[in-house]
Amino acid sequence: MGIRFCVDGQFMVVEIEDTEEITEWRLREAKRKKQQRKSKKKETAAAIKIQAWWRGTLVRRTLLHMALRACIIQRWWKMTLLRMLEKKRRAALLVYAQRERAVTKLQSLVRMWRVHWRYCQVLNAIYAIQYHWQCHSCQTCAQLQGHCVVTATHLEFHIEISHF
């Protein structure tokens, strides 16, 4: 129901309504708003779940990529360390082999010098005997027989002079 009044040439509308109808309408409106809020909350909760799942998926994917990259870096570093260790081993082996060759060469030269020195002693002894024998008056009467033994520690030299 409505009543219209005119004041100073302006219209004014005054409506009288039934309070039961208004109360019922307000209850329905409140119920509808409550349902909208519930559906909004459900939608928000569903959106939050979807966003959380997606963020979790992105984080797991990022962590997987980081773990794979870390694994690749670790493998590369281990391979680099093994290469460096192998280079050091080879260098140490070359130094060792060089020293061994040098020691062997020195030992060989010392042995050669010692044998040469003994040989020179034998030659000098032979030359001394020959010189002494040539000076001896009876050089045609005798015959020389001798032998020489050279060992690592000493020189053994035997000469026999046999007369006819």
About how many Å separate [atom2] of [Y] and [atom1] of [X], when rounded to the nearest 0.5 Å?
X      : Y      : atom1 : atom2 : answer
Lys78  : Arg83  : NZ    : CZ    : 15.5 Å
Ile73  : Trp77  : CD1   : CH2   : 11.5 Å
Gln107 : Leu109 : CD    : CG    : 10.5 Å
Lys34  : Lys41  : NZ    : NZ    : 9.5 Å
Thr62  : Arg55  : OG1   : CZ    : 13.5 Å
Arg99  : Leu94  : CZ    : CG    : 12.0 Å

Under a single-linkage rule joining Ile, Leu, Val, Met, Phe, Trp and Tyr whose side-chain heavy atoms are separated by less than 4.5 Å, which residues share a cluster with [X]?
X     : answer
Trp25 : none
Leu64 : Leu68
Leu58 : Trp53, Trp54

Item to check | Gln51, CD atom: more than 12 neighbouring heavy atoms under 6.0 Å | outcome: yes
Next on the checklist: Heavy-atom count check: over 12 atoms from other residues, nucleotides or ligands less than 6.0 Å from Arg26 CZ?
Outcome noted: no
A side-chain contact here means heavy atoms from C-beta on lying under 4.5 Å apart; do [X] and [Y] qualify?
X     : Y     : answer
Arg61 : Thr57 : yes
Met84 : Leu81 : yes
Leu82 : Met79 : no

Checklist entry - Would you call the rings of Trp117 and Trp113 parallel, tilted or perpendicular if under 30° counts as parallel and over 60° as perpendicular? => result parallel
Next on the checklist: Test your reading of the model: is there a side-chain donor-acceptor pair from Thr80 to the backbone of Trp76, 3.5 Å cut-off?
Outcome noted: yes
